[in-house]
Amino acid sequence: MREQFEIRDHDGAGRIGRLSVPRAGVTVETPALLPVINPNVLTIDPERLRSEFGVDALITNSYIIHSTDRVRERALEEGLHDLLGFDGAIMTDSGSFQLAEYGDIDVTTTEILEFQHAIGSDIATPVDVPTPPDVDRERAAADLETTETALADAAAVDTGEMLVNAPVQGSTYPDLRERAGRHAAGTDLDVFPVGAVVPLMNGYRYADVVDVVLGAKRGLDPDCPVHLFGAGHPMMLALAVACGCDLFDSAAYALMARDGRYLTVSGTEHLEDLTYLPCSCPVCADHTPASLRDAGDAERERLLAEHNLHVTLEELRRVKEAVRSGSLLELVERRARGHPAMWDGYRALLDHREQLEATDPVSKGTFFSLSAESARRPEVARYHDRLDRLSLPESLLLTVTKPPSEHEYDAVWRVKPPFGPVPPALAETYPLTAEAPSRPNTELCRAAADGVARLAREHPTTEVTFAHDDWEATVLDRLPASVALENLATIGR
Ligand code: GUN
Ligand code: ZN
């Protein structure tokens, strides 16, 4: 049992939780975004992050502090919270990112953890090895052993109330990620970042991000708080939460602002290209693209960073509301439409529908059938898996249109894409209250036909007749020969 993390709500693998950070005396509601603060360049005053933006936790890099004499002395004397002027929770990174970029750093896990403790960090990080994507398996496995040693070294340091991260590595090998997750969950460390995904995100490889995160999640315990290191673009938050990530950190809001980039929930725009500002945050309410372009460099950078952070935090609230109301996958699908690479990520997510199903509530808001992909959602798979529980009479008519008032069958049920056969008693229950477009969609019909086929096979003694309205042969071919067919279009009903 991890006492610091309490899960309040689920939708698929996504969840709303509360992470208590004892050293800060703060409880952070998750999913949460930790803005990255460079101690040497404060684009937005950290005090304002808490009072104006409602940020309860941020992340900074203890390695940068450690290797800058003046800042190191101040951090040791005043503590990190006074140094930054922030009284929420502060997570510190260890220099692993510098290790990945430059190949070498001059601190050990023990030294940097003791330093993080000395400067008053609330959540510290050991020196893990962020193995890049696509390296050969031997290297990924060898690096993982180094990371596992770092976790053991971290566990041996007396860290008091400070929480400690247990990063999960393993490059692009989902099975190594799973092994790493299982090992990390077996330590008594507290928070579980999935590492080295930045190169994947920079390459728009969202399907790989999904496979890597879900690999790690299979090894981790369900009650482990999971951080996605280096992720915080508003476009991918819904997808990452749907994979079961609870914490994010974003340097994007500040880095992108530096070169004039303006974040939106469907991608990144250049300020130079904008004629209008499609946002109503305080910055966008007060400015036009021209007035932002005309501002001085430092002022423009700060304003863009503020907009970028507003739009990111707004999206996170929208994601939380979607988890609470049970419409997270609808939101993921909407975001997936914003970019083909996101669509790949959504499809990869649905490849893991059984993993999502394990924590998906049996009842939530209205299911919207929006695309062929909706037919692969966990709710559909679960409904099909439960068709064997239904009791059937000797003869049954399944029909895609309104049942006839007079007939010679023992029972008549509607067929509703993408679920398939719907017994009248269940018609008003989730997910069968689903809303679907009235124009037929082959993929949704195919999933419904699979439901009919499954029902017929599970109940071989029932005579099943299926009345469709001119469904395609490729769809009807999915039905076993025992199902009698009637085409309502040719009968003229
Ligand atoms: N920041 C972004 N990715 C990583 C990672 O894999 N490890 C650590 N420690 N920090 C990161
Ligand atoms: Zn804005």
Side-chain angles (χ1 to χ4, degrees), residues 34 36 38 52-53 59-64 91-102 105 107 109 112-113 116 121 123-133 135 140 143-144 146-147 150-151 154 164-172 177 180 184 189 191-202 209 212-213 216 226-234 240 245 247-253 255-257 261-265 268-269 271 274 276-289 291-292 300 302-315:
L34 283 59
V36 176
N38 179 337
E52 287 178 37
F53 292 79
I59 178 168
T60 190
N61 194 321
S62 69
Y63 183 73
I64 296 179
M91 182 188 285
T92 43
D93 204 348
S94 58
S96 292
F97 202 65
Q98 284 69 18
L99 174 70
E101 290 284 301
Y102 311 116
I105 56 171
V107 291
T109 283
I112 200 70
L113 262 187
Q116 291 172 82
S121 172
I123 310 172
T125 309
V127 183
D128 56 311
V129 183
T131 312
V135 299
D143 281 358
L144 200 50
T146 310
T147 294
L151 301 196
V164 178
N165 277 326
V168 176
Q169 298 290 347
S171 185
T172 26
R177 292 281 184 171
L189 303 183
V191 178
F192 302 87
V194 176
V197 292
V198 170
L200 294 176
M201 294 184 299
N202 288 344
V209 173
V212 155
V213 171
V226 176
H227 181 155
L228 192 58
F229 253 147
H233 193 299
C245 297
L247 297 169
F248 302 91
D249 64 271
S250 174
Y253 77 100
L255 293 178
M256 303 250 181
R261 282 184 284 178
Y262 179 98
L263 302 185
T264 80
V265 292
T268 306
E269 307 287 345
L271 179 60
L274 291 176
Y276 303 96
L277 295 177
C279 171
S280 308
C281 80
V283 173
C284 298
D286 267 3
H287 289 85
T288 62
S291 72
L292 286 175
R300 179 173 55 250
R302 182 181 61 78
L303 290 167
L304 278 175
E306 288 186 16
H307 156 79
N308 288 345
L309 197 54
H310 276 301
V311 72
T312 309
L313 295 171
E314 173 184 298
E315 175 68 356

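Predicted, not measured: the structure shown is a model, and the values here were computed from it. Every number for a ligand or one of its atoms is a count from 1 in the order of the listing.
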Checklist entry - Are the side chain of Gln116 and the backbone of Thr125 linked by a donor-acceptor contact shorter than 3.5 Å? => result yes
Item to check | Asn165 (side chain) donor-acceptor with Pro167 (main chain) under 3.5 angstrom | outcome: no
Next on the checklist: Please list the nearest protein heavy atom to atom 5 (C) of ligand 1 with its residue and the distance rounded to 0.1 Å.
Outcome noted: Phe229 CD1, 3.5 Å
Checklist entry - So, does Tyr253 use its side chain to make a donor-acceptor pair with the main chain of Val36 at under 3.5 Å? => result yes
Checklist entry - Phe97 heavy atoms, cut-off 4.0 Å: which ligand 1 atoms fall inside? => result 1 (N), 2 (C), 3 (N)
Item to check | Donor-acceptor pair, side chain of Asp249 and main chain of Gly230, under 3.5 angstrom | outcome: yes
Item to check | Any donor-acceptor pair under 3.5 Å from Thr312 side chain to Pro234 backbone | outcome: no
Checklist entry - Would a distance-only check, ignoring hydrogens and angles, find a side-chain to backbone donor-acceptor pair under 3.5 Å from Asn38 to Ile64? => result no
Checklist entry - Among side-chain atoms of Thr92 and Ser121, is any donor-acceptor pair under 3.5 angstrom? => result yes
Next on the checklist: Below 3.5 Å, N or O to N or O, backbone or side chain included: is there any such pair between Ala196 and ligand 1?
Outcome noted: yes
Checklist entry - Hey, which protein N/O/S atoms does the Zn ion (ligand 2) have under 2.8 Å? => result Cys279 SG, Cys281 SG, Cys284 SG, His307 ND1
Next on the checklist: Residue-level breakdown please: for Val197 versus ligand 1, do any non-hydrogen atoms fall below 4.0 Å on the side chain, on the backbone, on both, or on neither?
Outcome noted: neither
Checklist entry - Who's the nearest protein heavy-atom neighbour of atom 10 (N) of ligand 1, and how far? => result Asp93 OD2, 2.6 Å
Next on the checklist: With heavy-atom distances below 4.0 Å as the criterion, list the atoms of ligand 1 near Asp128.
Outcome noted: 5 (C), 6 (O), 7 (N), 8 (C), 9 (N)
Next on the checklist: Geometry only, no angles: is Thr125 polar-contacting ligand 1 at N/O separations under 3.5 Å?
Outcome noted: no
Checklist entry - Does a donor on one side chain and an acceptor on the other come within less than 3.5 Å for Thr147 and Asp128? => result no
Checklist entry - Just by distance, do the side chain of Arg261 and the backbone of Leu271 share a donor-acceptor pair under 3.5 Å? => result no
